Every structure is written in structure tokens, then in C-alpha cells.
Amino acid sequence: MPTKHIANTILNWHQGIERSMPWLFTDDPYQIWISEIILQQTQVSQGTAYFQKFVSLYPSVVDLAATSLDNLLKTWEGLGYNSRARNLHRSAKIIVEQFDGIFPTQFEEIIALPGIGDYTASAISAFAYNQPYVAVDTNVERWVSRYLGIKGYKSSPQLRKDVKAYLLPFVENSMSARNCNQAFIDFGALICKSRKPECTVCPLSDSCYAHSNNQEAQFPQSKPKKKRRHRHFYHYVCIAGDKVLIDYREAQDIWQGMYEFPQIESLNPSRADEIPIDFSGHLKPEGLTSTQQFSQTLTHQIIHATFYTYTVESVFESSSRWITLEELVNLPVSGVVRLYLAQNNHIFKL
DNA sequence: CATACGTGGCG
DNA sequence: TCGCCAAGTAT
């Protein structure tokens, strides 16, 4: 079946669809941008509240550029992949400095911004400016690969390229690139779903390769899975009155830009009765008030975090920083640290 | 091109 | 429970 007919069938189906996500009701490239970054590898149900919070706290790119990275990451906290937030901040500053605070309108300028790749640049170009680009996300990739039976690994550059090439002529000749792209994405999200595709109500099922061969689950191909590695973090929570010792994560590693209690990492679980770091004798066994463990499974690793909570007489000299408990509550922290804080809210009074 | 990067939800 | 998945990008 020609692409034109397939696309028209989807557009026709889309006319009877109602969606209420807040970013669908704006042409503001800034808001479109924020929504697309938030939605990268993130479900609509998880990202919506963050979008509301972002446009409320930072109504314009100028506001975003003016806030501190700490504040931005705190707003981002709980979403994950926070290089997205760091790149959002970098891009906002670039737009203010190089584009006079006006969001760029050309695809080449947009994709040059940090954190924006082919999908996001295409989405902004189509949704905000109605320019003829195809935004191939996981939804679009899925239904096209199933319909045509295209081989290729999920999310691979090659498959995304093939899907884009297939749909581009139609978008270029269509009345509304904006509407086309929204229909293509919604079709994948609502009909050609990942787990339980709605083939019984799909207007294209008769000519779908995957459905005809009962191979809906085979497209797109998934890569062989790798094992997650285990990491053991031992945190030392040193509390002196209303002060606590804190470190900043700046290494090229997980949770870059977030704060944590001083820690050492071990490849293997170590014993809880040791004090591997004692801050030159300032930590004494009798000062240990609790030992708690939390785990968090990430995409490529499993974090086992142990927290030793110590009470000390007074602050001491350290390469780490003493801050008040109130200040701590305003700093971005990882999921495991957030678990620890929530579990000890009698101390940290969140 | 393969791999790393968070978190929450579903089956 | 646990693996897979979610409006991807940088390296």
C-alpha cells in the first residue's frame, strides 16, 4: 500500500482522537522544547507534572537561564537522566547569549544545542514552527517497523533513519507537518502499543506485516540484554547540631551534579562494623546512631547504599562541606539518598 | 556503532 | 519478583 494511503488512514483515525497533554495547546517553542526534553525516555504519565512545574517556575528561556543549576536539578529531581537538565541549562544560556533570548527557528541551529538530537530538533521544528520534519520516536518507529516488517534494532540509528526516510515524503507534501507528526506518534502510543497492540481496532491491520505473520512482538528487534553491575556505596552521615557534611558529585558518573553524604565505594559488600573512613578520628563507634541500607536499580547497575549516621560533638576540618539541614533539603539528591532522607525525616524534617 | 545514563510502572 | 519499557542523546 502506498505511503500516502497509509498516512491518510492514520490522519483520518487521528481526527476522532482527543488528547489533553498540556504541551499540545501551545505553539511556544520554549514550552515545546521543555516538553520534548522531559519526555525523552520518560512516559507521559511521569513527565506531565514536571512539565507543569517547569513552565510555572521558569516561564521563559530567560528565567531558565537565570536560575542556578542546583535549583534546576532540584526541580528535575525524581525524573532521572539529569544530563537532560544540565543540557537544558546550558542551552538556555546559549539561547540568551547567542540568540538574544529568542528560541532559534532553523533546524540546524536547533540541533546544534546540547541535549537536542534528531528527534527533538524535528519535533520542535514540526510542532512549534510547522516545518516539514519527521520526528521518529519509539512510537513511530514501532508501528512503521511492524507494518513494513523492517528489520533493525529498537532505537538504532539505522532503523530510525529508515523510518524517517519512509515517512518524509508524506510530511513534505502534507498540509500540516504538525498534525501529521502528532498523528504518527499518537497512533503508536494508542493503537500500535508496545505490549498489547490494539490490532482488533487498528485500521491498518489487514495490510500489516507483523500482524499478518502474528509477529507483533518481533518488531522492532530488541538487542540482547547485558547484565547489570553491582556497586556498593558506604555513606557517612556526620551530624553536628544542625550541620551535616556534604559532597558534590562532579565525576563523569551517575548522578552528576547532585549532592550526597561523603562516601566510599567498594566492589564487594564490606562489613558494617568497620569505620573505613573516620575523618581523622572524628568519628567514634559510640557516635554511630544507625545503620541503614537501601538499593536502587538503574539501567546498567544496581546500587547498594549503606548509610552510617553519626552524631559528632562539633564541626571539624574536612574537604567536604558543612551545610545546615535546611540547606540540604533544597539541594538535588539521588533516589537512594531521597529514600534515606524520607526514612529519617525526624532528623531532616522534610 | 555500542554503551552509559534514572526513575517509575506494568504484566 | 523481575525484566522490559518509556516523545533519546552524547560519546
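Since the model is a prediction, treat every value here as computed from it, not as a measurement. Letters go in sequence order (proteins before strands), and every chain restarts at 1.
Proximity of A:H300 to the phosphate of B:dC5: no side-chain N or O atom is located under 4.0 Å from OP1 or OP2. Phosphate proximity of C:dC4 to A:K154: absent, as no side-chain N or O sits under 4.0 Å from OP1 or OP2. Put simply, A:T120 has a side-chain N or O that comes within less than 4.0 Å of OP1 or OP2 on C:dT9. Of the side-chain N and O atoms in A:T42, none sit less than 4.0 angstrom from OP1 or OP2 of C:dG8. Taking side-chain N and O atoms only, A:W143 has no distance below 4.0 Å to OP1 or OP2 of C:dA7. Within the structure, every side-chain polar atom (N or O) of A:Q41 is placed at least 4.0 Å from both OP1 and OP2 of C:dA6.
Between the CZ atom of A:F233 and the P atom of B:dG6 there is a distance of 11 Å, rounded to whole Å. As rounded to whole Å, 15 Å separates atom P of C:dT9 from atom CD1 of A:I38. In this structure, A:N181 places its CG atom 11 Å from C1' of C:dA7, rounding to the nearest Å. Taking atom CD of residue A:Q43 and atom P of nucleotide B:dG6, one finds them 18 Å apart after rounding to whole Å. In this structure, A:E36 places its CD atom 9 Å from P of C:dG8, rounding to the nearest Å. C:dA7 atom P lies 12 Å from atom CD of A:E141, rounded to whole Å. Atoms CG (A:L113) and C1' (C:dG8) sit 16 Å apart, rounded to a whole Å. Across the protein-nucleic acid pair, A:I37 atom CD1 and C:dT9 atom P stand 7 Å apart, rounded to whole Å.
Going from the P atom of C:dT1 to that of B:dG6 covers 24 Å, rounded to whole Å. Taking atom C1' in both C:dG8 and B:dC1, the straight-line distance is 16 Å, to the nearest Å. When the P atom is used for both B:dG11 and C:dA7, the distance is 14 Å, rounded to whole Å.
Using cut-offs of 30° and 60° on the angle between ring planes, the pair A:H304 and A:H232 is parallel. The aromatic rings of A:H235 and A:F307 lie parallel to each other, with less than 30° between the two planes, well short of the 60° mark. Classification of the A:Y248-A:Y259 ring pair by plane angle, with boundaries at 30° and 60°, yields tilted. Aromatic ring pairs are classed by plane angle as parallel below 30°, tilted from 30° to 60° and perpendicular above 60°; the pair A:F316 and A:H282 is parallel. Between A:Y308 and A:Y234, the ring planes lie parallel to each other; the angle is under 30°, not in the 30° to 60° tilted range.
Residues from residues 68-81 of chain A that place a heavy atom under 4.0 Å from any atom of DNA chain B, listed by number: A:G78, A:L79, A:G80, A:Y81. The stretch residues 217-230 of chain A touches DNA chain C through A:K225, A:R228, each having a heavy atom under 4.0 angstrom from the strand.
Side-chain atoms of A:Q301 lie closest to B:dC5 of the nucleotides B:dC5, B:dC10, C:dT9. Candidate nucleotides C:dA6, B:dT7, B:dG6 were compared by shortest atom distance to the side chain of A:I254, and B:dG6 ranks first. Picking from C:dC5, B:dG6, C:dA7 the nucleotide with the shortest atom distance to the side chain of A:D186 gives C:dA7.
With respect to A:K161 and A:D118, no salt bridge is recorded, no charged nitrogen being found less than 4.0 Å from a carboxylate O. For A:R19 and A:D186, the salt-bridge test passes: some basic side-chain N is under 4.0 Å from an acidic carboxylate O. Residues A:K154 and A:E141 are not paired through a salt bridge, judged by the lack of any N-O separation under 4.0 Å between the basic side chain and the carboxylate.
At distances below 3.5 Å, at least one donor-acceptor pair connects side-chain atoms of A:R84 with backbone N or O atoms of A:Q40.
Mapping A:R90 and A:S35 onto DNA chain C by nearest heavy atom places A:S35 closer to the 5' end of the strand. The nearest heavy atom of DNA chain B to A:Q158 and to A:N82 marks one nucleotide each, and the one closer to the 5' end goes with A:Q158. Residue order along DNA chain C, read from the 5' end via each residue's closest nucleotide, puts A:R195 first among A:N87 and A:R195. Nearest-nucleotide assignment on DNA chain B puts the 5′-proximal partner with A:Y153, out of A:Y153 and A:Q40.
A:Q296 comes within 4.0 angstrom of sugar-phosphate atoms only, judged by non-hydrogen atoms across all strands, and of no base. A:S334 comes within 4.0 angstrom of sugar-phosphate atoms only, judged by non-hydrogen atoms across all strands, and of no base. Counting any heavy atom pair closer than 4.0 Å across all strands shown, A:R86 reaches no nucleic acid atom. Heavy atoms of A:M21 sit under 4.0 angstrom from at least one base atom. Contacts of A:T138 with the nucleic acid, taken as non-hydrogen atoms under 4.0 Å apart, involve only primed sugar atoms and P, OP1 or OP2.
Pairing each heavy atom of A:R142 with each of A:F219, the nearest pair is CG-O, 4.3 Å. Residues A:S320 and A:S318 share a closest heavy-atom pair of N-OG, 2.9 Å. Residues A:A183 and A:L11 share a closest heavy-atom pair of CB-CD1, 3.7 Å.
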